[in-house]
Amino acid sequence: MSQFNVVVTDYNYHTFEPEKEVLKQMGIELRLEQCRTEEDVMNKCQDADALLNQYAPISRRVIESLDNLKVISRYGVGFNTIDLDAATENGVVVGNVTDYCLDEVSDHAMALLLSSVRKITQLNQAVKSGNWDYKVAVPIYRLRGRTLGLVGFGNIPQTLTKKAQAFGLNVIAYDPFVPQSVAEEMAISLVSIDELYEQSDYVSVHLPLNDQTEKLISYAAFTKMKKDAFIINTSRGPVIDKQALIQALQKGEIAGAGLDVLEVEPIESGNPLLNMDQVILNPHSAFYSVESEVDLKRKAAQNIVDVLSGKLPNYIVNKAVKEKVKLK
């Protein structure tokens, strides 16, 4: 039996065979918990050497209360559930899976874009309601030659770029952390955020959620966009100010939206977005495919194995922790 305790803080998965397959190389047995609050994590994971985390909050309080904790591995790309500063200060490695669901999310963003522009969902609903008339979706504009603006230009939007360019779209992006050489290699233009709002026919959001990005896309942003623009979000809901989006749609500041994520999930029953024909809503599903889930689970577990076996993981978020830990 392994000397290490590895705990899943919370989950909505039906199987853990991929993780178990990876962890058995160290003889580790996985323990499953369903934590919703900081107190849950502190009480149920007190003996944990490692945490596999989905949505449960891993705050400073939590980290400083778990004396054995060495590594936290996130099921996903984002890491907003974890206090990175606290982890680094306490010598806890934080891992994620940066190449997770690149095709799935970029495909989903492209699908939402195409469905919005071609008004597929609106026409489908009309036909099923007994109205066989394309004019319910007028106007529809040609996709080729228009401009797609990407807010954020990490791995997923770079993957999306190739797909969008195949449809004849001109791609521009806002990302102050991306060098010009990457933009040139991808045949796109890097622009300011205001230039992106003003020039884009379609805006697709690909940002992590943090203090700088929360409600970044405000009502002022929507007023800078074209009246016939569509906004797509497959990243994090709170990046877009919910009330600002509703107001912009009601006032016709933009033409519509394709949203896989929302500021409040699940969506509230009285949310006006539910009654807008020009809005497509999905239940935070862009990440999913059978293959992507298996990849995620294996790679998240491998982060744990790497650290517990004395190595730095391939996917490390808080690189500054290297100075505090003795890992190869």
Side-chain angles (χ1 to χ4, degrees), residues 1-11 13 16 18-33 35 38 40-102 154-155 177 208-211 236 287 292-328:
M1 184 173 176
S2 172
Q3 60 179 313
F4 297 116
N5 294 306
V6 178
V7 185
V8 177
T9 61
D10 60 306
Y11 59 93
Y13 302 119
F16 288 87
E19 293 97 322
K20 291 177 180 178
E21 187 70 23
V22 172
L23 292 170
K24 76 177 183 180
Q25 60 189 285
M26 290 186 69
I28 295 173
E29 293 185 5
L30 196 60
R31 191 169 88 232
L32 308 181
E33 301 288 356
C35 303
E38 295 177 17
D40 285 346
V41 182
M42 290 188 288
N43 292 332
K44 296 179 180 181
C45 307
Q46 187 61 50
D47 61 347
D49 295 281
L51 298 177
L52 277 162
N53 171 248
Q54 191 169 18
Y55 301 121
I58 312 298
S59 64
R60 178 176 291 276
R61 284 181 65 218
V62 171
I63 291 168
E64 292 181 348
S65 73
L66 305 183
D67 295 335
N68 298 332
L69 190 61
K70 302 169 183 65
V71 54
I72 306 164
S73 187
R74 266 280 295 136
Y75 281 121
V77 180
F79 41 85
N80 53 291
T81 58
I82 303 167
D83 188 322
L84 285 186
D85 290 338
T88 302
E89 290 168 20
N90 287 274
V92 176
V93 177
V94 177
N96 62 348
V97 185
T98 55
D99 55 4
Y100 165 55
C101 64
L102 298 184
N155 291 332
F177 302 103
L209 179 61
N210 54 45
D211 291 342
R236 290 291 183 267
F287 65 90
S292 71
E293 185 172 295
V294 172
D295 284 347
L296 171 67
K297 292 161 88 56
R298 286 184 177 278
K299 290 176 178 178
Q302 189 62 50
N303 286 338
I304 301 289
V305 168
D306 287 345
V307 174
L308 296 184
S309 60
K311 299 183 293 185
L312 288 168
N314 288 330
Y315 306 93
I316 181 169
V317 177
N318 56 338
K319 293 182 172 60
V321 80
K322 294 177 184 179
E323 300 176 3
K324 288 185 168 287
V325 296
K326 295 180 180 179
L327 297 173
K328 296 178 183 177

Worksheet entry | Closest non-hydrogen atom pair, Pro18 against Lys297 | CB-CB, 3.8 Å

Discussion item. Just checking Tyr11 against Tyr55, ring centres under 6.0 Å apart?
Written reply: no

Item to complete: Kindly give the heavy-atom pair with the smallest separation between Leu52 and Tyr75, and that separation in Å.
Response: CD1-OH, 3.7 Å

Item to complete: Could you tell me whether Glu29 and Lys20 make a salt bridge, using a distance below 4.0 angstrom between a side-chain N and a carboxylate O?
Response: no

Worksheet item: Do Val62 and Leu66 come within less than 4.5 Å of each other through their side chains, counting heavy atoms only?
Response: yes

Practice prompt. Working to the nearest 0.5 Å, report the span between CD1 of Ile58 and CG of Leu84.
Written response: 12.0 Å

Item to complete: Starting from the C-alpha separation in whole Å, work towards a yes-or-no answer on side chain to side chain contact (heavy atoms under 4.5 Å, CB included) for Arg298 and Glu21.
Response: CA-CA 8 Å; Arg298 286 184 177 278; Glu21 187 70 23; 3.9 Å; yes

Worksheet item: Roughly how far, to the nearest 0.5 Å, is NZ of Lys299 from CG of Asp306?
Response: 12.5 Å

Practice prompt. List the steps and the verdict of side chain to side chain contact (heavy atoms under 4.5 Å, CB included) for Gln302 and Gln25.
Written response: CA-CA 10 Å; Gln302 189 62 50; Gln25 60 189 285; 3.7 Å; yes

Fill in: Student check: side-chain heavy atoms of Ile316 and Val321 closer than 4.5 Å
yes

Worksheet item: Are Asp49 and Val6 close enough, and set up right, to give a side chain to side chain contact (heavy atoms under 4.5 Å, CB included), and what steps lead you there?
Response: CA-CA 6 Å; Asp49 295 281; Val6 178; 5.8 Å; no

Worksheet item: Taking all atoms of both residues into account, what is the closest heavy-atom pair of Ser65 and Met42, and its distance?
Response: OG-CG, 3.1 Å

Worksheet item: So, do Lys322 and Val93 sit near enough that their side-chain heavy atoms are less than 4.5 Å apart?
Response: no

Worksheet item: Without hydrogens or angle criteria, can the side chains of Asp83 and Ser59 be said to hold a donor-acceptor pair below 3.5 Å?
Response: no

Response to the item:
Of all heavy-atom pairs linking Thr9 and Gln54, the shortest is OG1-N, 3.9 Å

Discussion item. Salt bridge check, Glu64 against Arg61: does any charged N sit closer than 4.0 Å to a carboxylate O?
Written reply: no

Discussion item. Rounded at 0.5 Å granularity, tell me how far CZ in Phe79 sits from CG in Asn96.
Written reply: 6.5 Å

Discussion item. In the structure I gave you, are the side-chain heavy atoms of Asn80 and Asn210 within less than 4.5 Å of one another anywhere?
Written reply: no

Practice prompt. Check the pair Arg74, Val317 against side chain to side chain contact (heavy atoms under 4.5 Å, CB included), reporting the backbone distance first and the verdict last.
Written response: CA-CA 10 Å; Arg74 266 280 295 136; Val317 177; over 6 Å; no

Practice prompt. Decide yes or no for Asn90 and Thr88: does some side-chain heavy atom of the first lie under 4.5 Å from some side-chain heavy atom of the second?
Written response: no

Discussion item. Salt bridge (Lys or Arg N to Asp or Glu O under 4.0 Å) for Glu89 and Arg60? Distances and angles first, verdict last.
Written reply: CA-CA 10 Å; Glu89 290 168 20; Arg60 178 176 291 276; 2.9 Å; yes

Worksheet item: Got a donor-acceptor contact below 3.5 angstrom from the Asn318 side chain to the Ala320 backbone?
Response: no

Worksheet item: Do Ser309 and Met26 have side chains that get closer than 4.5 Å, going by heavy atoms?
Response: yes

Discussion item. Could you measure the distance from the CZ atom of Phe4 to the CG atom of Asn68? Nearest 0.5 Å is fine.
Written reply: 10.0 Å

Discussion item. If we count only N and O atoms by modelled type, under 3.5 Å, do the side chains of Glu19 and Tyr13 hold a donor and an acceptor together?
Written reply: no

Discussion item. Contact between Asp47 and Arg31 at the side-chain level, heavy atoms closer than 4.5 Å - yes or no?
Written reply: yes

Discussion item. Strictly distance-based, threshold 3.5 Å: is any side-chain N or O of Asn53 a donor or acceptor partner for the main-chain N or O of Ser73?
Written reply: no

Item to complete: Identify the two heavy atoms, one from Val7 and one from Ala48, that lie closest to each other, and give their separation to 0.1 Å.
Response: CG2-CB, 3.9 Å

Worksheet entry | Phe287 backbone acceptor or donor facing Ser292 side chain under 3.5 Å | yes

Worksheet item: About how many Å separate CG of Leu69 and CD of Gln46, when rounded to the nearest 0.5 Å?
Response: 10.5 Å

Worksheet entry | From Glu38 atom CD to Ile63 atom CD1, the distance as rounded to the nearest 0.5 Å | 10.0 Å

Fill in: Heavy-atom side-chain contact between Val41 and Lys44 under 4.5 Å
no

